[in-house]
Amino acid sequence: MEEKEIIAYRKDGQIIDTQTAAEIGCENCEPIYFDNSPDALEVIRHSAAHLMAQAIKALYPDARFFVGPVVEDGFYYDFRVSEKIGDGDLKKIEKKMQQIAKQKLAIERYCISKAEAREKFADDDLKQAVMDRIEDERLCVYRQGDFEDLCRGPHLPNTKWLKSFKLTRVAGAYLGGDSNAEMLTRIYGTAFADKESLKAYLTMIEEAKKRDHRKIGTELGLFMFEDEAGAGLPFWMPKGARLRGRLEQILYRAHRRRGYQPVRGPEILKADMWRTSGHYACYGENMYLTEIDGQEYGLKPMNCIGHILIYKKEIHSYRELPLKYFEYGVVHRHEQSGVLHGLLRVREFTQDDAHIFCTPAQIKPVVIDVLEFVDKVMKLFGFDYEMEISTKPDKAIGDDAIWETATSALKEALDENGFVYGIDEGGGAFYGPKIDIKITDALGRRWQCGTIQVDFNLPERFEMEYIDENNERRRPVMIHRAILGSFERFIAILTEHYAGEFPLFISPTPVVFVPVGEEHTTYCRKLADALAEEDIDSEIYDRNESLAKRIRTAEKQKTPLIVVVGDEEVQKESVAVRDRRKREQYEMAADAFVQFIKEQTSEVRI
RNA sequence: GCUGAUGUAGCUCAGCUGGCUAGAGCACUUGAUUCGUAAUCAAGAGGUCACGGGUUCGAGUCCCGUCAUCAGCUCCA
């Protein structure tokens, strides 16, 4: 059995490479072996980035390099070249990398003063830009063959370790992440200790692509986009609309049970309303503005104003609070063309929006209520989720005392429910602190959907009031909250989470009937009608195709329950059910079947 | 918005360096078949090659612009 080889060490919580260890000694060092541990991958990928840079330099001599860090599942390097580099060039670069790696070049390290480094890279403005960002006065350089680069490390001892890597994509990236700055070329890649792990990773990426909601949405006929109609404007096809309708109904009842009042505001309001709210100034660039009869109007990017104006129409007593208004609010936002992405990022979408008007003292109980609501919804779909509190930013309005009350109310609400949460210091909106809810999907990806935001700003700007127990006018606090976030994004996530195999209660077509012969269609029709009576959608596949073909079609549509009906079933008043979830077939009495589905769908009461 | 790539039938794709009436599979329509759990057979229909301009004797193919999509960047439900 060969001994595993050491490629670096972990010392005092830091990874140091063998080069550094040789220089500063290595007491209390834990060896890092050449394998796929997170520490090892950190080192391997860092060196893979350098190897890629070396290959690029060899192929494009005028290349200038910026930074090349390790990221979540790989690495990248930002650089500038005069030539255009496309996806087709990645193969070429990979090949060059392999050639260089095979030369088994030692990776050496030496350190110099910043002044010396400035001098050394005098003709390289990108390296100078890198140094502008580094505070250390002593900088290190790693050299392998004829290539060297300013770098903190850690690196492998030799390029010979680099065998299992793959360049995945080429893209543009702003220098320093500043959209006003120059755009550099960025190539992403990944690397592992062995070929098998690389292959497994690439397979996983392929699997994820199969679950892509855009692909499944097309296959199942859920939604579509139309170039000629405009970017980021989704169309819901019958099946998608049925699915969405199910979700809307479940959630509507859930809101009503929790004392929310349905309201509805107009899609378009005078621009002055948006000036009062502050959206015109702060969000104007993302708004669609138009002119009607010489007056400027704006399509709503948020639903708050409608709810506020409804609130203000009447005088409210403290006894009414907390007052909860909800709306499936359609909003329009002018997102940048490059960020549109299927249903995950669109220009028109519907939020499951609510605004809760309450006293400062009620913030906590209200938030606890909302958290319970969120938990019910997440559990229903089997999502894990995380919470994050964002606190007061530098630029904020409202008294520190109120901020303090609100922020601690949010924290206490989470603490008392035993929630673990992160804190984003200074990440709140200027008008108040918030809790963001982040869903983790079946592939471990995190999505921001729900949000609970405390707002002191809008009640002030719109001079909202309630009458307290001493018959005095008070200003209410407003809590914005969404649970799904938007139907569009949430359904995209659901689709990928379930890979299109939606649970019975939201499935667009929970039941497909497959009559064995023509003479069995009448019986199917009778059962379908019985289901329709219970608001359950079904289809009858009585086309002129073989039985096997029709079952296959139903399977490909990911139908939860396929019901085959022939002489036997008609005679016995029964059904033969093929259950997608259980992957088995069973027979049951027809009326029991209807009852069964009815129970399955009403169980989702939340 | 920026960088790079892409756009051929409802879907997935072929169409080499410009050269006959633009192809395939699936889906669709019609006919035959009436079938017991993942593809019955046959025939047919379907495309102003994203849109607009240009180069050329000739453009799906080359060039420019617009629109849209994809991978990122910057920003967000």
Side-chain angles (χ1 to χ4, degrees), chain A residues 71 76 78 80-81 83-90 168-188 209 212 214-215 218-221 224-233 237 283 285-286 301-303 329 331 333-353 436-439 447-451 480 482-490 492-493 514-521 542-557 562-569 576-578 584-585:
Chain A
V71 289
Y76 69 77
D78 283 351
R80 184 201 295 133
V81 267
E83 272 181 76
K84 280 182 181 176
I85 296 186
D87 291 320
D89 299 310
L90 295 183
T168 47
R169 50 190 176 253
V170 52
Y174 295 111
L175 195 158
D178 176 0
S179 61
N180 295 313
E182 172 190 7
M183 182 157 268
L184 303 173
T185 302
R186 171 176 297 179
I187 295 182
Y188 283 91
K209 275 187 194 158
D212 191 310
R214 293 166 296 184
K215 183 174 149 69
T218 305
E219 285 166 359
L220 300 187
M224 55 177 247
F225 289 91
E226 185 56 58
D227 289 8
E228 288 163 13
L233 303 172
M237 296 159 82
Y283 203 75
E285 287 194 352
N286 286 310
M302 293 161 191
N303 308 298
V331 296
R333 299 183 183 177
H334 183 206
E335 301 292 346
Q336 296 192 320
S337 59
V339 305
L340 301 174
H341 183 97
L343 286 182
L344 285 167
R345 197 76 184 276
V346 290
R347 284 178 171 162
E348 184 199 271
F349 58 99
T350 307
Q351 297 177 306
D352 60 324
D353 206 2
D436 282 328
I437 295 122
K438 293 175 181 168
I439 293 179
W447 302 97
Q448 212 243 284
C449 289
T451 182
H480 308 248
I483 291 176
L484 307 184
S486 76
F487 285 96
E488 285 74 10
R489 180 172 288 182
F490 194 76
I493 296 166
V514 183
V516 174
E518 259 174 64
E519 66 274 24
H520 309 120
T521 307
D542 58 352
R543 298 170 42 115
N544 187 8
E545 298 282 0
S546 70
L547 182 73
K549 175 67 176 287
R550 287 176 287 149
I551 286 170
R552 177 182 147 86
T553 307
E555 287 283 358
K556 294 202 83 170
Q557 284 294 305
I562 300 173
V563 175
V564 179
V565 167
D567 286 339
E568 204 184 316
E569 286 75 20
V577 182
R578 207 179 135 111
E584 65 179 28
Q585 292 171 44

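Numbers restart at 1 for each chain; the letters A, B, ... are given by sequence-line order, proteins then strands. FYI, side chains are in, hydrogens and waters are out, and symmetry mates aren't considered; it's all heavy atoms of this structure.
Within 4.0 Å (heavy atoms only), A:E555 reaches at least one base atom of the nucleic acid. Residue A:G221 is classed as having no contact, given no heavy-atom separation below 4.0 Å to the nucleic acid. Contact annotation for A:G177: backbone-only contact, meaning every heavy-atom pair under 4.0 Å involves sugar-phosphate atoms and none involves a base. Using a 4.0 Å heavy-atom distance criterion, A:D567 is classed as a base contact. Residue contacts for A:R489: at a heavy-atom cut-off of 4.0 Å it reaches a base atom on one of the strands shown. Using a 4.0 Å heavy-atom cutoff across all strands shown, A:E335 reaches at least one base atom of the nucleic acid. Using a 4.0 Å heavy-atom distance criterion, A:A548 is classed as a sugar-phosphate-only contact. Counting any heavy atom pair closer than 4.0 Å across all strands shown, A:G172 reaches a base atom. Across all strands, A:E569 comes closer than 4.0 Å to base atoms (heavy-atom distances). Across all strands shown, A:I551 has heavy atoms under 4.0 Å from base atoms, whether or not it also approaches the sugar-phosphate. Within the 4.0 angstrom heavy-atom criterion, base atoms lie near A:S486. No engagement by A:A554 is indicated, since no non-hydrogen atom pair under 4.0 Å with the nucleic acid exists. Residue A:E226 is classed as having no contact, given no heavy-atom separation below 4.0 Å to the nucleic acid. At a threshold of 4.0 angstrom between heavy atoms, the contacts of A:E519 with the nucleic acid are absent.
One C1' atom belongs to B:U8, the other to B:A50, and the distance between them is 10 Å to the nearest Å. Straight-line distance between the C1' atoms of B:U48 and B:G60: roughly 12 Å, to the nearest whole Å. Look at the P atom in both B:U56 and B:C13: the space between them is 36 Å, to the nearest Å. Nucleotides B:C49 and B:U21 place their C1' atoms 15 Å apart, quoted to the nearest Å. If you take atom C1' in B:U29 and the same atom in B:C75, they sit 48 Å apart, rounded to whole Å. Taking atom P on both nucleotides, B:G18 is separated from B:U61 by 11 Å, rounded to a whole Å. Nucleotides B:G4 and B:G23 place their P atoms 36 Å apart, quoted to the nearest Å. On the C1' atoms, B:U12 is 16 Å away from B:U69, given to the nearest whole Å.
Comparing B:C2, B:C76, B:C35 by their closest approach to the side chain of A:M183 singles out B:C2. Distances from the side chain of A:D227 to the nucleotides B:G1, B:A68, B:A71 place B:A68 closest.
Pairing for B:G4 is with B:C70, a Watson-Crick or G-U wobble pair whose two hydrogen-bonding atom distances lie under 3.5 Å. Figure legend. B:U21 is base-paired to no nucleotide; pairs are counted as Watson-Crick or G-U wobble with both atom distances under 3.5 Å.
Minimum interatomic distance between A:A554 and A:I562 (heavy atoms only, all atoms of both residues): CB-CD1, 3.6 Å.
The phosphate of B:A27 (OP1 or OP2) has a side-chain N or O of A:K549 nearer than 4.0 angstrom. OP1 or OP2 of B:C73 sits under 4.0 Å from a side-chain N or O of A:Y188. A sub-4.0 Å separation between OP1 or OP2 of B:U29 and a side-chain N or O of A:R543 is present.
Taking a cutoff of 4.0 Å between a charged side-chain nitrogen and a carboxylate oxygen, A:E555 and A:R578 qualify as a salt bridge.
Between A:G342 and A:T451, the one whose closest nucleotide on RNA chain B sits nearer the 5' end is A:G342. For A:E228 and A:E348, each mapped to the nucleotide of RNA chain B holding its nearest heavy atom, the one lying further toward the 5' end belongs to A:E228.
Atom CD of A:E228 has 12 or fewer neighbouring heavy atoms from other residues, nucleotides or ligands inside a 6.0 Å radius.
The ring of A:F349 lies on top of the base of B:A77, close enough and flat enough: under 5.5 Å between centres, under 30° between planes.
Interface remark: the A:R552 side chain does form a donor-acceptor pair with the B:A39 base, using a distance-only criterion of under 3.5 Å.
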Run the side chain to side chain contact (heavy atoms under 4.5 Å, CB included) test on A:F490 and A:T350 for me, step by step, so that the C-alpha distance in whole Å, both residues' side-chain angles and the decisive distance to 0.1 Å come before the verdict.
CA-CA 10 Å; A:F490 194 76; A:T350 307; over 6 Å; no

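Here the side chain of A:D352 pairs a donor or acceptor atom with the backbone of A:G485 at under 3.5 angstrom.
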